[in-house]
Amino acid sequence: MYNEKVREAFAHPKNVGFIEDADGVGKVGNATCGDIMEISLKIKNDVIVDAKFRTFGCAAAIATSSTATEMVKGMTIDEALKLTNSQVVKELEGLPPQKIHCSVLAEEAIKEAINDYRNKKK
Ligand code: FES
């Protein structure tokens, strides 16, 4: 059901865990399946220098979180806010149609974490 790239990202996910001194944390739930994802970000001068995730989710959620956290490292927060689940799915060379909703978790959790960072700065 999953392509090789997705299977690899699921079998050896990158950035699993939680950044204890994170500057922003986002936790979101997937209304379709009830799975949960949390992303923590370390941000310096509005650039994401580290990103980690923890998820109670399926293989597609884990693969997309791994890929999304890799993609946002080095991005400014404005660039990261523009990252869409479609871009993450493209990076993974596709997901089965019934698993596209899983990729939305990472996009939403990153946005939440950036909002958390911005609120803390105020
Ligand atoms: Fe819930 Fe994939 S089935 S995130």
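Position 1 is the first residue of the sequence; numbering continues from there. Counting convention: from 1, in listed order, for ligands and their atoms alike.
Taking all atoms of both residues into account, the shortest heavy-atom contact from Asp46 to Ile43 is CA-CG2, 3.7 Å.
Val104 and Leu83 are assigned to two separate hydrophobic clusters, defined by single-linkage of ILVMFWY side chains at heavy-atom distances under 4.5 Å. Put simply, Val25 and Ile39 are part of two different groups of oily side chains (I, L, V, M, F, W, Y) that touch within less than 4.5 Å, one to the next.
With salt bridges taken as basic N to acidic carboxylate O contacts below 4.0 Å, none links Lys27 and Asp116. Here Asp78 does not pair with Lys82 in a salt bridge; the nearest charged N to carboxylate O distance is not below 4.0 Å.
For the residue pair Glu70 / Thr67, no side-chain donor-acceptor distance below 3.5 Å is found, with atom types taken as modelled.
Only protein N, O or S atoms were considered, and those under 2.8 Å from atom 1 (Fe) of ligand 1 are Cys33 SG, Asp35 OD2.
The distance from ligand 1 to the heavy atoms of Lys99 drops below 4.0 Å at these ligand atoms: 2 (Fe), 3 (S).
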